[in-house]
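Okay, structure first, notes after.
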Amino acid sequence: MKVLIIGSGGREHAIAWKVSQSAKVDKIYCAPGNAGIAQYAECVDIGAMEFEKLAAFAKEHAVDLTVVGMDDPLVGGIVDVFEKEGLRVFGPRKNAAILEGSKAFAKDLMKKYHIPTAAYENFDDPEKALAYLENAKFPIVLKADGLALGKGVLICNTLQEAKDGVKSIMLDKKFGASGNRMVIEEFMTGREVSVLSFVDGRTIKTMTSAQDHKRAGDGDTGLNTGGMGTFSPSPFYTKEVDDFCREHIYQPTVDAMAAEGRAFQGIIFFGLMLTADGPKVLEYNARFGDPEAQVVLPRMKTDIVDVFEACVDGTLEQTELEFEDNAAVCVVLASEGYPVKYEKGFVIHGLENFENKDGYYVFHAGSKKTADGIVTNGGRVLGVTALGKDLKTARANAYKAVDWIHFDHKYYRHDIGKAIDEAKEK
Ligand code: AMP
Ligand code: GLY
């Protein structure tokens with residue numbers, strides 16, 4: 001079987017690696033891919049938003065299944081273009097990817113179908129948003145409606161901050177057209193957990209839980225990033241929480257989308273907050289998380305291609321989905337200065353240390369092959385993942401492997417999974 005993967009980050013590297021483990025697959029293409037993905041796949045120089053070109057490539061090369069890793073092409077309707085050409089593709093159509101593409105849509109869906117989430121109001125008029133803030137409780141959360149590279153969420157502690165936030169989102173268009181509408185919602189407190197799931201339109205099967213560390217600095221300080229590291233499973237995701245979410249969140253979301261004529265096929269990523277009043281939805285994404293995929297997929301036992309195909313064919317109910325009873329930690333190696341300003345082009349040393357080492361992985365996010373070797377080519381450069389029998393062992397293994405890699409201005413957090421482990425031990 002021939003598989004085409006769309007995307008170029010650490011998430012797509014993890015997907016490509018997992019697809020390469022399938023006995024069914026004899027050829028993988030990745031567009032556009034990166035230097036790490038090139039170990040398993042033939043990288044094709046077509047951008048993720050060039051839908052017609054990608055579909056033409058898939059036809060020409062008799063690709064059996066295309067897997068879309070990234071949010072932008074999904075929200076832009078890549079799946080509809082592939083389906084129109086008669087191509088098999090894993091991922092939601094445009095009318096379903098809106099679950100991630102519009103926060104206002106997601107909030108209205110949850111309200112209509114009684115799925116627990118923070119109280120909110122949607123606004124498309126900045127004057128009305130500003131007036132609403134006058135009587136609001138603080139802190140309060142402002143969200144640009146559309147995709148904003150994970151940066152369109154502002155947590156505001158004072159009225160003045162919130163007013164400035166509305167101005168930057170809706171008037172100054174800091175996040176572009178994403179800020180034509182916005183959601184203002186109640187601030188929630190609790191533990192955050194990410195749960196990824198496979199969905200075939202009707203049936204949903206969840207993967208093991210994970211947690212991301214979004215802030216740039218140790219101890220959750222500094223700016224928000226795309227994610228500085230993850231661990232899986234979350235010790236706070238108990239059987240009780242899982243039971244509640246199955247009944248009140250997961251299946252109801254899939255049923256709600258189907259009832260709206262927007263049957264969802266692909267990955268639903270549930271960003272959850274475990275509040276004192278029970279689990280609530282922070283956000284939905286329509287794809288694997290990055291770097292959540294880098295801890296979840298190494299723990300997955302099932303052949304991922306079987307699961308992708310079951311989603312496309314609507315046979316997920318009959319498909320087993322199994323995970324190892326172990327733990328994984330992923331530490332992101334970034335370029336010093338990320339997410340603001342950083343240099344690129346430094347040679348990466350030590351990648352060979354991961355060859356033939358069971359339970360250790362190095363997933364490339366921003367790297368490039370040059371005549372001098374593989375060099376840094378982005379803010380997030382690599383994700384180093386290690387497995388272990390429990391979180392503590394996985395963390396120790398991951399940090400040991402972090403030292404195998406060297407490049408100028410290497411920067412990483414030292415506490416991925418640490419505070420959680422300590423809190424749990426108390
Ligand atoms: P989102 O992109 O919606 O997941 O938001 C990014 C981050 O902002 C989340 O991971 C949370 O840490 C935080 N956040 C979002 N919404 C809320 C909320 N209603 N209350 C507290 N924190 C929030
Ligand atoms: N790591 C968060 C995300 O992929 O959205």
Side-chain angles (χ1 to χ4, degrees), residues 7 9-15 69-72 74-75 97 99-107 110 116-122 136-157 162 165 169 175 178 182-196 207 209-216 220-232 234 267-277 279-297 330-332 334 339 363 365 379-380 383 385 413 416:
R11 164 182 53 209
E12 286 76 22
H13 188 167
I15 296 170
M70 297 167 72
D71 44 1
D72 281 321
L74 289 168
V75 171
L99 193 59
E100 170 165 7
S102 167
K103 292 189 191 286
F105 169 86
K107 295 296 293 190
M110 288 186 266
T117 188
Y120 75 102
E121 292 284 337
N122 294 337
K137 252 176 56 193
F138 293 88
I140 201 158
V141 184
L142 312 185
K143 300 186 172 183
D145 179 50
L147 296 182
L149 297 168
K151 300 191 177 76
V153 174
L154 303 177
I155 295 173
C156 303
N157 289 306
I169 292 176
F175 309 106
S178 288
M182 67 181 292
V183 175
I184 301 187
E185 74 174 25
E186 168 204 5
F187 177 77
M188 299 188 285
T189 51
R191 297 270 173 198
E192 279 187 50
V193 183
S194 302
V195 175
L196 281 57
M207 300 178 227
S209 62
Q211 192 189 316
D212 189 7
H213 294 255
K214 288 205 170 82
R215 301 290 204 95
D220 286 330
T221 55
L223 293 172
N224 260 322
T225 70
M228 292 302 293
T230 37
F231 59 89
S232 169
S234 162
I267 302 286
I268 301 182
F269 166 143
F270 297 87
L272 304 171
M273 182 77 95
L274 309 182
T275 76
D277 301 330
K280 294 188 183 182
V281 177
L282 275 170
E283 64 160 346
Y284 293 116
N285 294 313
R287 37 126 190 121
F288 284 101
D290 188 347
E292 283 85 348
Q294 291 91 313
V295 284
V296 169
L297 296 182
C330 172
V331 180
V332 169
F363 296 117
R380 290 192 293 174
T385 296
R413 278 185 59 163
I416 302 302

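As a basis for the values below, the full set of heavy atoms in this structure was taken, side chains included, without hydrogen atoms, waters or symmetry mates. Just follow the structure's listing: the first ligand is 1, and inside any ligand the first atom is 1.
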Flag for Ser102-Asp145: side-chain donor and acceptor within less than 3.5 Å: yes
What residues, two or more places apart in sequence or in another chain, satisfy salt bridge (Lys or Arg N to Asp or Glu O under 4.0 Å) together with Glu283? Lys103
If we ignore hydrogens and angles and just use 3.5 Å, is the side chain of Ser209 paired with the main-chain N or O of Ser234 as donor and acceptor? yes
Take Phe288 and Leu297, measure what side chain to side chain contact (heavy atoms under 4.5 Å, CB included) needs, and give me the verdict at the end. CA-CA 10 Å; Phe288 284 101; Leu297 296 182; 3.8 Å; yes
Do Val195 and Met207 come within less than 4.5 Å of each other through their side chains, counting heavy atoms only? no
Quick one: do Asp72 and Arg287 make a salt bridge, cutoff under 4.0 Å? no
What pairs with Val281 under side-chain contact (heavy atoms from CB on, under 4.5 Å), at least two apart in sequence or on another chain? Met110, Ile115, Thr117, Ile249, Leu272, Tyr284
Return the protein residues near ligand 1 (heavy atom under 4.0 Å from any of its atoms), ordered by chain and residue number. Lys103, Val141, Lys143, Val153, Ile155, Glu185, Glu186, Phe187, Met188, Glu192, Lys214, Met273, Leu282, Glu283
Is a side-chain N or O of Glu12 found less than 3.5 angstrom from the main chain of Gly9, in a donor-acceptor match? yes
Contacts table for ligand 2: protein N or O within a distance under 3.5 Å of ligand N or O, distances only.
unit_1: ligand 2; atom_1: 1 (N); unit_2: Asp212; atom_2: OD2; d: 2.8
unit_1: ligand 2; atom_1: 1 (N); unit_2: Asp290; atom_2: O; d: 3.0
unit_1: ligand 2; atom_1: 1 (N); unit_2: Glu292; atom_2: OE1; d: 2.8
unit_1: ligand 2; atom_1: 1 (N); unit_2: Glu292; atom_2: OE2; d: 3.3
unit_1: ligand 2; atom_1: 4 (O); unit_2: Arg287; atom_2: NH1; d: 2.9
unit_1: ligand 2; atom_1: 4 (O); unit_2: Asp290; atom_2: N; d: 2.9
unit_1: ligand 2; atom_1: 5 (O); unit_2: Arg287; atom_2: NH1; d: 3.3
unit_1: ligand 2; atom_1: 5 (O); unit_2: Arg287; atom_2: NH2; d: 3.0

Hey, what do you get for CD (Glu186) to NZ (Lys280), rounding to the nearest 0.5 Å? 5.0 Å
